[in-house]
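What follows is a short report on a single structure.
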Amino acid sequence: MSKPILQIALDVPLARLFDYLSAGQHVQVGQRVLVPFGRRNQIGIVMALADSSEFAIEKLKPITQVFSDEVPLDAEVLSLIKFSADYYHYPFGQALLAALPARLRQVAPAVARKQYCYQITGAGQQVDMESLPKRQRVLRMVLQALQNEGAQSEAALDALSGSARKAAKELVSLGYAVTEQVLAVKRVPAILETPQPALNAEQAAAVASITQEVQTFKAWLLHGITGSGKTEVYIRLMQHVLQQQEAHGAAQHSAQVLVLVPEINLTPQLEARFRARLPQYHLVSLHSSLSESERLHNWQLAQSGAAQIIIGTRLSIFTPIPHLKLILIDEEHDSSYKQQDSMRYHARDVALVRAKRLNIPVVMGSATPALESWYNAMGSQVQGVSATPSQTNKYGLLTLKQRAVSAAQLPKIDCIDTTKVNLQHGLTPQLVSALRLRLERKEQSLLFINRRGYSPVLLCTACHWIAPCTRCSSRLVVHLGQKKLRCHHCGHEQRIPHQCPSCGDADLHPTGHGTQRLEQTLASLLSTARIARVDRDSISRKHALVEILDRVHNQEIDILVGTQMLAKGHDFPNLTLVGVIDTDSALHSPDFRASERLFAQLMQVAGRAGRADKAGQVIIQTAFPDHALFNALRSQDYASYANDLLLEREQVQFPPYVFTALLRAEAHDFSLVQQFLQLAFTGARALSQHVVTYDPVRPQMERLKGMERGYILMHAHQRPALQKLLTQLVYQLRSEPIAAKVRWAVDVNPLEF
DNA sequence: AGCACGCCGACT
DNA sequence: GTCGGCGTGCTC
């Protein structure tokens, strides 16, 4: 007799489970159920079965429905989500439900794209073919196929005969066959398999190292410059792992691989390459541009083991993958792996935990690894970088220094001092003549500017008033095309005023340069050039980016102007010049991670120049050409720059030398935020001597979307001390009345302040 | 988080 | 006289 009490996780911000009566229904752990909760019905996941409840038994309600036709979530994923919810101090039920495809969070049953599969019964097996009427040719044919070849899918039946499905149904009604629903596996049309390129020595060494230890947990950092062929290493590793068959009971299961990729853009390219090179394996993707039914279907294919390659963005780290044997993380330094709301998890860190628990390898690739990863791969190898043995050499380090296309040269990088030349509309003469040269040679150029819009500020020349956002502590950006002022933080829009609201003067000037203005300037300066702009404003439609990139490939574009959207993974063989307009603000940002990010970004854009056999040039306009960052960039020396940054971080005791966490709070009324944070601050100080807690402060963006913000920072040398404090602090705060009046959240290992 | 209940201001 | 403002409290 099954246990009568069900402990169920629900999508509510309460860190506990809810007890229900199973009402005699057979229910398993991990199963999806519908339960009455307050006045409404909620979807829940069964976490445990029990004989008794701490809650008054007469108050327990019976569950409404069990979705018993669905595969329950496996213990491994449930436990991974439990770990994450604890580690990131987020309510477990919400973490769990958020990890499911939206279709599974809705009350309606999830109608998966399923198809019937026919299986022979014992009775059917015994049937003598001769006992069936000779004239029912198709019926006999189907029965024979079932007897001799086993289960038949609808597609297989269709291949036998047009009326085979009808015959199969008849066999079912005779009791000779049964149907079972299986997931429809959509066969991707065969792509011409591209030939396997030869590996260079470095690639071969990397593959060999990893495949040697492919049966156990190990984290690998694959540090390879742009164009060094990291993708080829991924492909070889997948081939190696997928060829292994795993005996699981009587049946053989193919291994599965999870590939994590940063958000948007990049996915189709990598996916296409994997499909072309690994056409024999079933590949599915999980990302935000899928429709909800596609997402559900792909998720179920991963869960059922039918999909062997799962390529997805950060949320896919929580997908059930029963035969997971390898995790690949492309561009591991990318900040889109960190969720910036609800549960603030880092998919890379969760992946490391998952791999460790499964005892499988995880391979993180990047040209510019996150400093945390570099530190874990380096440790004592770096001169001057000290670390305790437990923190060092945690990762295996594999380096790819050569570009895979042997003819390809590293681009030449020049910094032009903007303080020593006359700028024409923000452009140095050197950059303008370099652009002219490319036009003459019929080569392409890319201009990188990290500001969209026409100009970042609207300034009154008379009284120096600057158009502010009313809901955020930010300036409104001028968008001349739509004749609007727009806040890039909250989306607020207003018309461009004709006179200054402060002094009444009509001399309002757009000041500074954005992508739109740069595009306009180029058009007037280089009238023959065909220019395209790529930023969030010009790429409103889903396929707009693809269209523009196609035009670039077809040589219909001479100059591409855009934001960091352009930085990633697009190969343009005829692109030989990259110009970087203005990144100086990041050099002196109060955010200690700004220079790390800028370096990664510039390395990435620089990698766009001269990919094929043509030498590339990178021109960076800056007022600080001697900055250490540019020196390192010129020599394309990530390692020495990263080691310098590590030394700095060690001196000031910043991550990765300490573990940090934030307690963030926001409210319409700042005094509530202050009260709450003060209370939390005193609480945290009292709770632990091993954790350093700083006074409440305000973030760079003090006000956002009409909410006044603040936070306290905590750091510790030992992760467990910090975790313990956070657990106790969150527990205490939940019972404080003020905690209900502000929006607050814990951010473990925050990336932004 | 929802969604109730609950007690005070401007409306048909 | 009601509709509705969002304060506080609960959900197995």
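Atoms considered below: every heavy atom in the structure, side chains included; atoms not considered: hydrogens, waters and symmetry mates. Here is the naming used below: chain letters follow the sequence lines, and residue numbers restart at 1 for every chain.
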Practice task
State whether a side-chain donor-acceptor pair under 3.5 Å links A/Thr313 with A/His287.
Solution key: no
Exercise for the section: Could you tell me whether A/Pro36 contacts a base, only the sugar-phosphate backbone, or nothing, with contacts defined as non-hydrogen atoms closer than 4.0 Å? Expected result: sugar-phosphate
Handout entry: Rounded distance in Å - CZ (A/Arg743) to P (B/dG2)
Key = 12 Å
Handout entry: Closest heavy-atom pair and its distance - A/Ala302, A/Gln256
Key = O-NE2, 3.0 Å
Practice task
Search all heavy atoms of A/Phe318 against all heavy atoms of A/Val77 and return the closest pair with its distance.
Solution key: O-CG1, 3.6 Å
Problem - For the student: nearest non-hydrogen atoms of A/Ala586 and A/Ala594, plus distance - result: O-CB, 3.6 Å
Problem - Those residues of residues 11-19 of chain A lying under 4.0 Å from DNA chain C by at least one heavy atom - result: A/Leu14, A/Arg16, A/Phe18, A/Asp19
Problem - Separation of B/dA1 P from A/Arg105 CZ (nearest whole Å) - result: 16 Å
Exercise for the section: Return each pair, listed once, that meets side chain to side chain donor-acceptor pair (under 3.5 Å) where at least one residue sits in residues 71-80 of chain A; pairs must be two or more places apart or across chains. Expected result: A/Glu76-A/Arg354, A/Ser79-A/Arg357
Exercise for the section: Using distance alone, with no hydrogens and no angle criterion, decide if A/Gln31 and A/Glu70 have a side-chain donor and acceptor under 3.5 Å apart. Expected result: no
Handout entry: Any residue of residues 53-62 of chain A with a heavy atom less than 4.0 Å from an atom of DNA chain C
Key = A/Phe55, A/Lys59, A/Leu60, A/Lys61
Can you list, pair by pair, the side-chain donor-acceptor contacts under 3.5 Å of residues 5-30 of chain A, counting residues two or more places apart and other chains?
unit_1: A/Asp19; atom_1: OD2; unit_2: A/Ser53; atom_2: OG; d: 2.5
unit_1: A/Tyr20; atom_1: OH; unit_2: A/Pro36; atom_2: O; d: 2.7
unit_1: A/Ser22; atom_1: OG; unit_2: A/Pro4; atom_2: O; d: 3.4

Handout entry: Pairs meeting criterion side chain to side chain donor-acceptor pair (under 3.5 Å) with involvement of residues 670-681 of chain A, two or more places apart
Key = A/Asp669-A/Ser671
Practice task
Figure out the CZ/P separation between A/Phe92 and B/dA1, and round it to whole Å.
Solution key: 19 Å
Exercise for the section: Tell me, with the steps shown, if A/His479 and A/His488 meet ring pair (Phe, Tyr, Trp, His ring centres under 6.0 Å). Expected result: CA-CA 11 Å; A/His479 285 251; A/His488 285 184; 5.2 Å; yes
Problem - Outermost DNA chain C nucleotides near chain A [under 4.0 Å, heavy atoms] - result: C/dT8 to C/dC12
Problem - Heavy-atom closest pair, residues A/Ala680 and A/Leu729 - result: O-CD1, 3.7 Å
